[in-house]
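Below: the structure, in structure tokens.
Any value given below was found using the heavy atoms of this structure, including those in side chains, with hydrogens, waters and symmetry copies removed.
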Amino acid sequence: MNPQQQLEQVVVTAEQMRQIEARIFAAGMPVAALMEKAAGLTASRIRQLYPLSQVSRVGILIGPGHNGGDALVIARELHLAGYQVSLYRPFAKLKDLTAQHAEYAENLGIPSHKDLQSLQNCELIIDGLFGFGLERSLSGEIAEAIDRLNEWSQPVVSIDIPSGLHTDTGEVLGTAVRATYTLCLGLWKRGFFQDAALEYIGKAERIDFGVPPQEAWAILSQSEPIRQINLSSAKQYLPVPRPPVTHKYKQGHLLVICGSRRYAGGAILTGLGARASGVGMLSIAVPESLKPLLVTHLSDALIIDCPETETGAIAQLPPIASDFSKYQVIACGPGLTQQAQSIVQAVLKAECPLVLDADGLNNLAQLGTMASLSLRKAPTVLTPHLGEFKRLFPDIDRPDRDRIQAVQKAAAQSGAIILLKGARTAIAHPQGSVWLVPTSTPALARGGSGDVLTGLIGGLLAQSATSDGLLEALVATAAWWHAQAGILAAQERTELGVDAFTLSQYLLPFLSNAIDKT
Ligand SMILES: NC(=O)C1=CN([C@@H]2O[C@H](COP(=O)(O)OP(=O)(O)OC[C@H]3O[C@@H](n4cnc5c(N)ncnc54)[C@H](O)[C@@H]3O)[C@@H](O)[C@H]2O)[C@@H](O)CC1
Ligand SMILES: Nc1ncnc2c1ncn2[C@@H]1O[C@H](COP(=O)(O)OP(=O)(O)O)[C@@H](O)[C@H]1O
Ligand SMILES: [K+]
């Protein structure tokens, strides 16, 4: 991957972007020239998205800082290109560079208004009120204007970030613009990957104005990386092509422990996720009454029948499943019920990597043995959704507020790799590095899709888990693959057509498409 491709993947805080910008200026780039470049590229993209042949009246919202400066450069370019531009300029006091652009816009004859209402007839709105410099909550006249704008129906393009969103946490500070498109300037900001921000951001694109890699890395290398997982990085971690000479046990042996009489489907779905990973050997331990069902659905797997409790949960692991030395990885949890505490206690002693999900996590929370995770000889991967996360880490305040920070804290606290599920899944290593899954689909918000993920993670780890650093990337690769399969399935079957079984059947078609194309 070349240095520019690496920058495409990184995700920065407002403070890091500020520091990188400061280095660029200190190296001699004039501030006005950088604004001209960033805003010029943004204007070109807006002209592509909304050509003059389709849109002529454009309303532009001008803030007091450099986001407003960008907006004024865009206003000038669109005006010169023949668009009818009107400005909403609620602030009397502007930063110097912004004030200069405002004066020029005025001299060009671009009308400017103190009330938003004057822009109501515009066919397109551009939001340049605030970018990464927003510090305080919005209130008063500006907040009212944004609320009114959100009731209008024309498309809105936000520059850098929708005004009102916190650049790092994606939180709404008072109120925020609901954009159709957000054109993120320079490097991807954290807020774009926070669930809370997604309904405001609309479609997100990055405007690459040429951040010099050496200036970026001088700042970014001071902390653990936060990166997006994409096809080119995932390809490094997928176990294809296979070595020409191999055998099933060399392709990994995964033990899945899951299911109960009550939750039989979860066991099948976990097995199907594992099967799609291509793992060499798949053993699935289930309560004995489930064995015939599992054999029917997963004829390729070795189904281990376990003695069960009266309620139909696994009571104990038979010798074949409790000799953990035979397996490269154990994935445990989907459908176990809360009756399987002793099973979770037992697998914690395994000396191979362990993936815990669903009731694996609930039992772990009940046992109160989080501290023991850091004593394990091999890595642990926990894959909670937000509810499970809160049960596991009750002292991490409001994890929904900054999911990236929350997952970092949880990993540091527990010594485990934590995958926090959601619209934008985040995976953190105890040392602080984070992978983010940049795209997904709400079609996956459906019972059982997490079970498929657990099997897929287990299967990928079993095939390639060697070192700790690699493990976290493999977990991210599985989450990315799972999301991409969901996107493909939703494209072909609508967002309503992606039940968990269907999802499992799209994992391999997605992969063969993706590999073919590259
Ligand atoms: N990424 C980059 O390196 C570049 C950034 N540029 C632009 O510069 C922007 C950042 O500019 P600034 O640092 O000037 O910040 P902003 O333009 O985001 O906003 C800061 C201004 O808003 C005021 N303000 C903050 N919170 C407020 C509130 N709640 N109510 C009222 N006023 C409030 C501040 O006093 C300041 O005047 C970026 O978002 C981007 O649009 C581009 O011009 C050039 C390249
Ligand atoms: N709105 C959403 N957008 C994208 N992905 C989602 C969304 N909601 C849930 N998902 C994904 O769906 C899966 C749900 O898993 P989980 O909550 O464990 O469900 P279950 O236990 O029923 O299988 C996770 O991979 C999660 O990231
Ligand atoms: K903005």
Side-chain angles (χ1 to χ4, degrees), residues 39 42-43 45-47 49-50 54-79 83-94 98 101-102 105 110-167 169-185 189 191-192 194 196-205 207:
T42 309
R45 183 63 187 135
I46 293 172
R47 288 179 62 186
L49 292 170
Y50 300 98
Q54 289 166 24
V55 161
S56 61
R57 295 184 304 279
V58 182
I60 308 190
L61 282 42
I62 311 294
H66 284 177
N67 200 251
D70 289 344
L72 284 160
V73 171
I74 294 166
R76 182 197 72 209
E77 290 302 297
L78 295 186
H79 168 81
Y83 291 83
Q84 278 178 54
V85 177
S86 309
L87 307 180
Y88 166 55
R89 264 191 53 195
F91 297 95
K93 200 165 171 302
L94 306 178
T98 308
H101 283 300
I110 301 176
S112 116
H113 308 272
K114 283 214 147 41
D115 65 305
L116 182 76
Q117 214 52 40
S118 307
L119 272 53
Q120 193 169 14
N121 288 331
C122 292
E123 297 150 292
L124 170 67
I125 301 289
I126 296 170
D127 154 35
L129 284 174
F130 304 103
F132 62 60
L134 182 73
E135 298 143 343
R136 312 180 295 277
S137 214
L138 295 175
S139 57
E141 191 196 325
I142 291 294
E144 280 167 32
I146 290 177
D147 288 341
R148 188 153 346 121
L149 172 68
N150 285 341
E151 286 168 12
W152 295 357
S153 57
Q154 57 276 69
V156 177
V157 177
S158 282
I159 305 167
D160 210 15
I161 189 144
S163 299
L165 286 192
H166 190 288
T167 307
T169 65
E171 262 179 294
V172 175
L173 297 171
T175 188
V177 170
R178 283 181 194 272
T180 316
Y181 269 97
T182 300
L183 304 178
C184 175
L185 305 184
K189 318 289 183 322
F192 283 78
Q194 301 275 12
L198 296 187
E199 59 178 303
Y200 293 88
I201 282 170
K203 292 188 195 128
E205 283 185 20
I207 301 291

Check [X] against [Y] and note the closest heavy-atom contact, atom names and distance.
{"X": "L94", "Y": "G63", "result": "CD2-O, 3.9 Å"}
{"X": "L61", "Y": "A71", "result": "O-CB, 3.9 Å"}
{"X": "H101", "Y": "G69", "result": "CD2-O, 4.3 Å"}

Look up atom [atom1] in [X] and atom [atom2] in [Y], then write down how far apart they are to the nearest 0.5 Å.
{"X": "L198", "Y": "F192", "atom1": "CG", "atom2": "CZ", "answer": "10.5 Å"}
{"X": "I60", "Y": "L78", "atom1": "CD1", "atom2": "CG", "answer": "5.0 Å"}
{"X": "I62", "Y": "L72", "atom1": "CD1", "atom2": "CG", "answer": "4.0 Å"}
{"X": "T180", "Y": "I201", "atom1": "OG1", "atom2": "CD1", "answer": "13.0 Å"}
{"X": "I142", "Y": "D147", "atom1": "CD1", "atom2": "CG", "answer": "11.5 Å"}
{"X": "K189", "Y": "Q194", "atom1": "NZ", "atom2": "CD", "answer": "14.5 Å"}

Contact between [X] and [Y] at the side-chain level, heavy atoms closer than 4.5 Å - yes or no?
{"X": "L119", "Y": "W152", "answer": "yes"}
{"X": "V157", "Y": "T42", "answer": "no"}
{"X": "L134", "Y": "H166", "answer": "no"}
{"X": "D160", "Y": "T167", "answer": "no"}
{"X": "Q154", "Y": "V55", "answer": "no"}
{"X": "S56", "Y": "E123", "answer": "yes"}
{"X": "I46", "Y": "Y181", "answer": "no"}

*asked:* Please enumerate all residues that pass side chain to side chain donor-acceptor pair (under 3.5 Å) together with D115, with sequence neighbours excluded.
replied: S118
*Could you list the residues that satisfy salt bridge (charged side-chain N to carboxylate O under 4.0 Å, His left out) with E171, not counting sequence neighbours?*
R401
*Using the side chain to side chain donor-acceptor pair (under 3.5 Å) rule, collect all pairs that involve residues 135-144, keeping only residues at least two apart or in two chains.*
none
*Polar contact flag, side-chain donor to acceptor under 3.5 angstrom, Q120-R148*: no
*asked:* Run the side-chain contact (heavy atoms from CB on, under 4.5 Å) test against R178 and tell me which residues pass, sequence neighbours left out.
replied: N150, E199, Y200
*Would you please name every residue forming a side-chain contact (heavy atoms from CB on, under 4.5 Å) with R45, sequence neighbours left out?*
Q48, L49, L183, E205, I207
Please table the atom pairs, donor to acceptor, closer than 3.5 Å between any side-chain atom in residues 124-131 and protein atoms at least two apart or in another chain.
unit_1, atom_1, unit_2, atom_2, d
D127, OD1, L129, N, 3.2
D127, OD1, S163, OG, 2.5
D127, OD2, S158, OG, 2.6
D127, OD2, S163, N, 3.0
D127, OD2, S163, OG, 3.2

*Is the backbone of A204 close enough, under 3.5 Å, to the side chain of T182 for a donor and an acceptor to pair up by distance?*
no
